[in-house]
2 protein chains.
Amino acid sequence: MSKRPKKSSAEQPTSGLPLGLNQIPLLKILSAQDRQQVLSEMTETRYGKGQYIFREGDPTEYFHIVKEGSVKCVKSSLDGKECTLKVLMPGDLFCCDASAFDGASHPGTAQPMGDVSVLRMKKEAYFKMLRRNPDAAMEVIRYLGSRLNEAQEKAKVLALDSADQRLASLLASLAERSGVREPSGIRLTVRLTRQDMANMVGVTTETAIRIMARFKKDRLVTGTAARLVIRDLPRLKLLAST
Amino acid sequence: MSKRPKKSSAEQPTSGLPLGLNQIPLLKILSAQDRQQVLSEMTETRYGKGQYIFREGDPTEYFHIVKEGSVKCVKSSLDGKECTLKVLMPGDLFCCDASAFDGASHPGTAQPMGDVSVLRMKKEAYFKMLRRNPDAAMEVIRYLGSRLNEAQEKAKVLALDSADQRLASLLASLAERSGVREPSGIRLTVRLTRQDMANMVGVTTETAIRIMARFKKDRLVTGTAARLVIRDLPRLKLLAST
DNA sequence: AATAAAACATGACAATTGTCATGTTTTTGA
DNA sequence: TCAAAAACATGACAATTGTCATGTTTTATT
């Protein structure tokens, strides 16, 4: 029990890199030299609760990578309703897309969920880097493609599934993307209120609360925001697709 | 009335190209030489009603470009419900995305809407082309980015808007993307049944019919599938965002 | 031109989800 | 640690949309 993993600097011979940076897919595929160059052009920024990384309508000036924590991408309608389109996790890229071309502005708001750290780089430098580096360009194409598939899958779920199924899908996918095993089940590492869930699946907060109460009664999940545990992932996935 | 536009071959000095090919953005940015090479690796195929270009689950082997006509991208759920995620038009790319990497399979079905013609190319050749040609890679990144934004906008609409608004959004965007001016309004060049509309906005056919009946009564639209005319685009757009 | 097959249409009713009101519990921050 | 603010919870009722049944009109096919 008292055995702790050591500080792993010994196993990281590519020292100059701040810890974790060489786990980011896009950086990993660069040559050591290119990576240095890119890192020298990137700055790290921390954000906390209540702040914005950028807001819908702001001009797009930077390309971003999530280094630590989670970031939510939100759009809102004129009458104040909001929806959360995506939770970005470490390694995820954002503003690697079209709004960065031509002088467009951000199509949505990027908001930290708790404390986060992001790397960013002027979009011009980002484009130059991609042109110099076919491997990086291919990686961005692969990444954007997978984001597109994911977004379309989400649209499908919103178009065809019931509120129950949508919420079950959400919990299942979060469990797989950001869950840690625990004796009682899979705990989500992202803090997620009922309100957050509601925004992610396009229902009202009340509906999300009622459905979660039902899931809890059926022993599929336990706990609330700070400590949300998936108790029966297989059954949740079944429910999502039934 | 009897005056017709001439066959425009005279205005197309880049002759060797089949008509229209040099209007496709991705091909346009290539050097004449690269374009020849790419075209030599592409084959053109025609499809008609009732056929499939590929189906959900088929292995992804080719990269595609729509040359003529419209193609719909469809996903279906286990219980037989379908949703149409996107209508591709000439110049649109498909399978330029993640499913082409690693041996993945198509996440959805591609179905012609009427007669279409598509160009296709082995995905290996496509990747090689992108690696050789940074301009092409950048164009694909730009394109995928805009597709991602569009898909997320669609998800937002599905999550937050009423059935009326979703339908109004659909008609407005189609009018802008594929409409031709006519004395009575903007006629859609894609043939679109009420059922098609229903699948595109995530409602039942009956609901789509009822809403369209209302739109017709309010003089926003006229006609059905074969000849669908938008009579009041501004008001339709207003309705979409109210 | 005749016939079959889609597409369009409408009503009655049911189910799902939203709205509003109100109250309790938990979390956060001074 | 205490107060304020979020988050969670629940009931009653309303609105939206789906379901099913049935019939007409339009479009496609031989």
Side-chain angles (χ1 to χ4, degrees), chain A residues 48-51 77 79-84 111-115 157-168 170-171 188 190-217 221-229 239 242, chain B residues 48-51 77 79-84 111-115 157-168 170-171 188 190-217 221-229 239 242:
Chain A
K49 213 169 67 163
Q51 295 185 297
S77 65
D79 51 329
K81 286 182 292 188
E82 284 195 346
C83 87
T84 299
Q111 223 177 324
M113 303 175 77
D115 290 339
V157 167
L158 286 167
L160 300 181
D161 293 354
S162 70
D164 282 40
Q165 291 176 306
R166 302 206 298 266
L167 203 43
L170 172 70
L171 295 172
L188 300 190
V190 282
R191 191 179 193 287
L192 213 62
T193 67
R194 308 292 196 240
Q195 161 117 252
D196 290 328
M197 298 178 212
N199 287 340
M200 291 185 197
V201 300
V203 297
T204 60
T205 306
E206 292 91 332
T207 297
I209 287 175
R210 283 185 244 260
I211 293 174
M212 287 300 285
R214 199 138 31 80
F215 284 180
K216 188 170 188 172
K217 185 166 65 68
V221 301
T222 20
T224 56
R227 186 178 172 70
L228 192 57
V229 178
L239 206 161
T242 303
Chain B
K49 213 170 66 165
Q51 293 185 297
S77 66
D79 51 328
K81 285 182 293 189
E82 285 196 345
C83 87
T84 299
Q111 223 176 323
M113 302 176 78
D115 289 340
V157 167
L158 286 168
L160 300 181
D161 293 354
S162 70
D164 282 40
Q165 291 176 304
R166 302 207 297 268
L167 232 140
L170 172 70
L171 294 173
L188 300 191
V190 281
R191 191 180 193 286
L192 213 61
T193 66
R194 308 290 195 242
Q195 161 118 249
D196 289 327
M197 298 178 212
N199 287 340
M200 291 185 197
V201 300
V203 298
T204 59
T205 305
E206 292 91 333
T207 296
I209 287 175
R210 282 184 245 259
I211 294 173
M212 286 300 285
R214 200 138 31 78
F215 284 0
K216 187 170 190 173
K217 184 166 66 68
V221 301
T222 20
T224 56
R227 185 179 173 70
L228 192 57
V229 178
L239 206 162
T242 305

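Because the structure is a prediction, the values reported are computed rather than measured. Protein chains get the first letters and strands the later ones, always in sequence-line order, with residue 1 at the start of each.
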Measure from the side-chain N and O atoms of B:Arg194 to the backbone N and O of B:Ala208, and report whether any donor-acceptor pair falls under 3.5 Å.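 It does not hold such a pair.
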Do any N or O atoms from the side chain of B:Arg191 and from the backbone of B:Gly114 form a donor-acceptor pair under 3.5 angstrom?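 Absent.
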Write down the distance between [atom1] ([X]) and [atom2] ([N]), rounded to a whole number of angstrom.
{"X": "A:Ile211", "N": "C:dT16", "atom1": "CD1", "atom2": "C1'", "answer": "10 Å"}
{"X": "A:Asn199", "N": "D:dA6", "atom1": "CG", "atom2": "P", "answer": "15 Å"}
{"X": "A:Met197", "N": "D:dA9", "atom1": "CE", "atom2": "C1'", "answer": "14 Å"}
{"X": "A:Asp161", "N": "C:dT17", "atom1": "CG", "atom2": "P", "answer": "11 Å"}
{"X": "A:Leu228", "N": "D:dA7", "atom1": "CG", "atom2": "C1'", "answer": "13 Å"}
{"X": "A:Gln195", "N": "C:dG18", "atom1": "CD", "atom2": "P", "answer": "13 Å"}
{"X": "B:Ile209", "N": "D:dG18", "atom1": "CD1", "atom2": "P", "answer": "12 Å"}
{"X": "B:Leu160", "N": "C:dG18", "atom1": "CG", "atom2": "P", "answer": "11 Å"}

Which listed nucleotide (D:dC8, D:dT17, D:dT10) is nearest to the side chain of B:Asp164?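 The nucleotide sitting nearest to the side chain is D:dT17.
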Does some side-chain heavy atom of [Y] sit less than 4.5 Å from a side-chain heavy atom of [X]?
{"X": "A:Leu239", "Y": "A:Asp164", "value": "yes"}
{"X": "A:Met197", "Y": "A:Val203", "value": "no"}
{"X": "B:Leu160", "Y": "B:Gln165", "value": "no"}
{"X": "A:Arg214", "Y": "A:Leu167", "value": "no"}

What is the nucleic acid contact for A:Lys49, judged by heavy atoms within less than 4.0 Å: base, sugar-phosphate only, or nothing?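 Sugar-phosphate contact only.
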Under 4.0 Å, counting only non-hydrogen atoms across every strand here, what does A:Thr205 touch: a base, just sugar-phosphate, or nothing?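 A:Thr205: no heavy atom of the nucleic acid under 4.0 Å.
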Is there a donor-acceptor contact under 3.5 Å linking the side chains of A:Asp79 and A:Ser77?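 Distance-only check passes for A:Asp79 and A:Ser77.
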Would you tell me if any nitrogen or oxygen in the side chain of [X] comes within less than 4.0 Å of OP1 or OP2 on [N]?
{"X": "A:Arg210", "N": "D:dT10", "value": "no"}
{"X": "A:Arg191", "N": "C:dT26", "value": "no"}
{"X": "A:Arg227", "N": "C:dT27", "value": "no"}
{"X": "A:Thr224", "N": "D:dA7", "value": "no"}

Is there any protein nitrogen or oxygen under 3.5 Å from a nitrogen or oxygen in nucleotides 21-25 of chain C, and what are the pairs?
none

With DNA chain C as reference, determine whether A:Ala226 or A:Thr204 sits nearer its 5' end, using the nearest nucleotide of each.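 So the residue in question is A:Thr204.
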